[in-house]
2 protein chains.
Amino acid sequence: MAVTMHDVAQRAGVSIKTVSNVVNGYPYIRAQTRERVEAAIDDLGYRVNMSARNLRTRRTGLITLAVPELSLPYFAELADAVISAADAAGWTVLIEQTSASRERETEVLSGRRRHLTDGLIFSPLALGPDDLGLFAVDFPLVLLGERVFGAPADHVTMNNVAAAKAATLHLASLGRRRIAVIGAHEGEQVGSAALRTAGYREGLEEAGLPFVPELVGEAGLWHRSTGAEAMSRMLDDGVELDAVFALNDALALGALHALHAHRIDVPGDVALIGFDDVDDAKYSVPALTSVDPGRDQIAHTAVELLLERIGATGPGGANGAGDPAPFRKVVPDSRIVGRESTGDVGTGEPSRVVGTQAGGTELVSVRTVV
Amino acid sequence: MAVTMHDVAQRAGVSIKTVSNVVNGYPYIRAQTRERVEAAIDDLGYRVNMSARNLRTRRTGLITLAVPELSLPYFAELADAVISAADAAGWTVLIEQTSASRERETEVLSGRRRHLTDGLIFSPLALGPDDLGLFAVDFPLVLLGERVFGAPADHVTMNNVAAAKAATLHLASLGRRRIAVIGAHEGEQVGSAALRTAGYREGLEEAGLPFVPELVGEAGLWHRSTGAEAMSRMLDDGVELDAVFALNDALALGALHALHAHRIDVPGDVALIGFDDVDDAKYSVPALTSVDPGRDQIAHTAVELLLERIGATGPGGANGAGDPAPFRKVVPDSRIVGRESTGDVGTGEPSRVVGTQAGGTELVSVRTVV
DNA sequence: TTGTAGGCGTTATCAC
DNA sequence: GTGATAACGCCTACAA
């Protein structure tokens with residue numbers, strides 16, 4: 001049925017190996033031969049059979065990205081970025097949704113599909129520090145997020161503490177003294193909420209501001225609605241504040257809504273900053289200042305590390321049987337994207353990026369490789 | 001290196017074929033034999049080599065879903081649903097992002113990756129009615145969306161006109177007489193905007209309401225910000241209205257924002273309904289009533305049709321060389337999900353579904369198969 | 001119920 | 001530079 005190399009070889013009057021050479025860009029081929037082969041390929045509409053190639057090369061050219069859910073904007077945008085980065089390197093991404101369930105997250109590491117691809121980029125949400133053993137796998141693995149540290153795998157994470165601190169200092173640098181935080185998880189030690197809250201406290205301290213418990217708004221789920229509720233609660237309680245740091249953008253957008261409902265001007269009366277820099281942040285009114293945790297760089301770095309582990313220059317590349325490199329931990333640059341909600345720009349479009357050396361904000365902009 | 005069937009066979013003291021039979025669930029195997037084989041599989045940690053199986057069976061067990069961008073919530077949620085539906089049938093999905101560019105959309109139909117999977121679910125946004133020829137491909141293809149009709153492929157679309165009409169009638173059934181529409185594209189003949197606007201006009205007519213040009217708000221891009229702008233414009237112009245039908249949820253959420261800014265109570269003064277029923281609709285304040293175009297069913301049906309075309313009961317299933325079935329067009333049920341923005345529920349959570357026979361709303365709830 | 005032979009389409013190894 | 005030939009690991013006959 002399908003056209004094979006054999007057919008092409010016959011048509012071009014060469015051997016099958018020559019066709020293979022042409023297809024794979026082997027350089028030492030007479031130009032004339034190549035042309036003939038290429039003509040035959042076009043005529044016959046030949047396409048390499050990936051299954052056969054994969055069987056032979058022991059490589060699929062696919063990598064897996066496992067995330068909780070694509071319905072969550074952060075992960076959808078992360079997936080977008082990972083796919084694009086992989087694409088640029090000639091690789092294809094297969095997405096696995098775990099629903100943040102232990103069972104499915106475990107399955108990702110060992111299940112049926114595991115063997116469909118050459119490596120895994122994994123953002124766990126159910127598995128935690130107690131499951132370190134599960135991550136000791138015998139295939140290329142790059143971990144994402146802040147649930148698990150110290151696993152025997154490469155890890156790309158974000159500098160939650162430093163970035164949160166910078167966000168807080170950014171608000172302080174605008175002259176704000178009563179900076180609320182929304183989305184805290186009281187008593188929690190692990191995960192984004194704990195880390196970002198810690199950064200908030202560090203920021204206060206460095207700015208010489210006191211930590212005020214009533215300025216801390218709890219919100220279990222980080223949704224718009226919970227953000228709005230936490231904000232409303234605080235306002236209804238008569239808490240005085242002139243700035244809000246929301247631990248993610250959904251919370252921030254919800255808080256923005258509540259502020260409006262209370263007739264509070266943003267950024268005039270209250271400055272607002274979020275975290276994640278999701279697409280929506282650009283489109284709110286006023287546009288939302290946010291911390292870009294380096295999503296694109298995270299995606300890019302994760303793909304890069306994984307492909308390095310896979311040891312290939314391309315999907316068909318040779319497996320360099322080199323030394324097993326030590327596991328690396330990479331923390332991409334974060335930056336504050338200044339928009340209207342902190343008065344950083346006058347227009348409706350994002351523009352000024354408050355980065356490492358940007359005026360008024362001292363943002364730790366690390367790229368740590370351990 | 002890797003464990004093969006051969007190793008397992010040897011260990012279990014059976015032939016390779018027996019191992020194959022066990023692995024593939026062939027029923028006629030002595031229980032004892034099966035146990036021995038299974039034990040050997042566990043001991044050795046054997047996993048089928050997909051590449052080899054694929055080569056042999058001429059099937060990959062993968063399907064492609066091509067969408068413009070995962071960053072767009074509607075497509076992220078669609079992808080979520082498609083992955084889940086395929087997963088339930090034992091298939092795996094590979095996502096391709098086209099950025100809505102002609103080049104990439106064309107490539108999806110014929111490019112390098114085409115041969116990585118057994119079939120394609122494709123939601124084009126750049127290719128249009130003029131490109132019908134491109135869709136005449138020789139592999140299983142299911143089209144999504146409303147850009148292309150009449151292509152030689154199965155097609156799952158939504159009943160834009162009927163659903164938009166139902167949305168309009170829903171507002172009318174609440175006693176609203178001045179129903180605005182937001183997101184119109186003046187002069188456009190193809191695509192969602194045109195179809196939904198047509199449904200709006202049909203709804204008005206059926207409700208005995210006049211079509212009033214000043215109640216039509218244009219919005220090129222369907223974003224929150226453009227929705228807010230269109231709404232504000234209308235309000236600032238002093239247009240009187242008591243209901244708004246936004247052509248998608250982003251527009252609706254933007255409009256909601258503008259209504260709030262103008263101190264207009266929703267749903268008290270103005271009732272609001274969106275389209276798409278994205279996740280965010282649940283979390284706005286007030287929660288947004290929306291038209292669920294049957295996203296889950298679209299995903300489900302698309303997968304179903306595609307697998308049918310592929311002619312398989314499972315990823316390894318046999319290819320029924322039956323008659324080439326005629327191309328089908330399926331229009332899943334749409335339904336209105338009533339929430340607070342139309343006063344349909346009292347709580348913060350979505351609950352009542354105004355469907356086919358629900359009181360007050362006559363919603364065409366077709367499942368057309370052509 | 002289980003075993004044997006052969007080939008799926010490709011790439012790698014070697015001659016030529 | 002190019003051409004035979006042997007794997008890669010599995011599944012489909014068919015045979016026993």
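Naming convention: chains lettered A, B, ... in sequence-line order (proteins, then strands); numbering from 1 in each chain. Just so we're clear, the structure is a prediction, and the values are computed from it rather than from any experiment.
- Proximity of a side-chain donor or acceptor of A:D7 to a complementary backbone N or O of A:T4 within less than 3.5 Å is detected.
- When rounded to the nearest whole Å, the span between CG of B:D7 and P of D:dC8 equals 11 Å.
- In this entry the distance linking OH of A:Y26 with C1' of C:dT13 reads 12 Å, nearest Å.
- Salt bridge annotation for A:R328-A:E308: present, with a cationic side-chain nitrogen under 4.0 angstrom from a carboxylate oxygen.
- Per the geometry, CZ belonging to B:R59 stands 23 Å off P belonging to D:dG9, to the nearest Å.
- Of the side-chain N and O atoms in B:N54, none sit less than 4.0 angstrom from OP1 or OP2 of D:dC10.
- Atom CZ in B:R58 sits roughly 13 Å away from atom P in D:dA13 (whole-Å rounding).
- At a threshold of 4.5 Å between non-hydrogen side-chain atoms, the residues A:W91 and A:D118 count as touching.
- Every residue two or more places apart in sequence or in another chain that forms a side-chain hydrogen bond (donor to acceptor under 3.5 Å, both in side chains) with B:T117 is listed here: B:T64.
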Show your reasoning for whether side-chain hydrogen bond (donor to acceptor under 3.5 Å, both in side chains) applies to A:T60 and A:N54.
-> CA-CA 5 Å; A:T60 65; A:N54 294 344; 5.6 Å; no
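- Counting only distance, with no hydrogens or angles, the side chain of A:Q97 and the backbone of A:L70 share a donor-acceptor pair below 3.5 Å.
- Every residue two or more places apart in sequence or in another chain that forms a salt bridge (charged side-chain N to carboxylate O under 4.0 Å, His left out) with B:R113 is listed here: A:D87, B:E96.
- Protein atom CZ of A:R53 is 17 Å distant from nucleotide atom C1' of D:dA7, rounded to whole Å.
- Spacing between atom CD of B:Q10 and atom P of C:dT4 amounts to 12 Å, rounded to whole angstrom units.
- Between the CG atom of B:L55 and the P atom of C:dG9 there is a distance of 7 Å, given to the nearest Å.
- The two residues B:A79 and B:I95 come nearest to each other via the heavy atoms CB-CD1, 3.9 Å.
- Taking atom NE2 of B:H6 as the reference point, atom C1' of C:dT4 lies 12 Å away to the nearest angstrom.
- Listed by residue number, the members of residues 13-23 of chain A with any heavy atom below 4.0 angstrom from DNA chain D are A:V14, A:S15, A:K17, A:T18.
- In terms of phosphate contacts, B:R56 brings no side-chain nitrogen or oxygen within less than 4.0 Å of OP1 or OP2 of C:dG6.
- Checked against ring pair (Phe, Tyr, Trp, His ring centres under 6.0 Å), A:F139 has no partners two or more places apart in sequence or in another chain.
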Verify side chain to side chain contact (heavy atoms under 4.5 Å, CB included) between B:M50 and B:T92, making sure each step is shown before the conclusion.
-> CA-CA 13 Å; B:M50 288 302 175; B:T92 303; over 6 Å; no
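- For DNA chain D, the neighbouring residues in residues 29-40 of chain A, judged by any heavy atom under 4.0 Å, are A:I29, A:R30, A:T33.
- For the segment residues 44-52 of chain A, residues with any heavy atom less than 4.0 angstrom from an atom of DNA chain C are, sorted by number, A:Y46, A:R47, A:V48, A:N49, A:A52.
- Between B:K329 and B:D154 no salt bridge is recorded (no basic side-chain N to carboxylate O distance below 4.0 Å).
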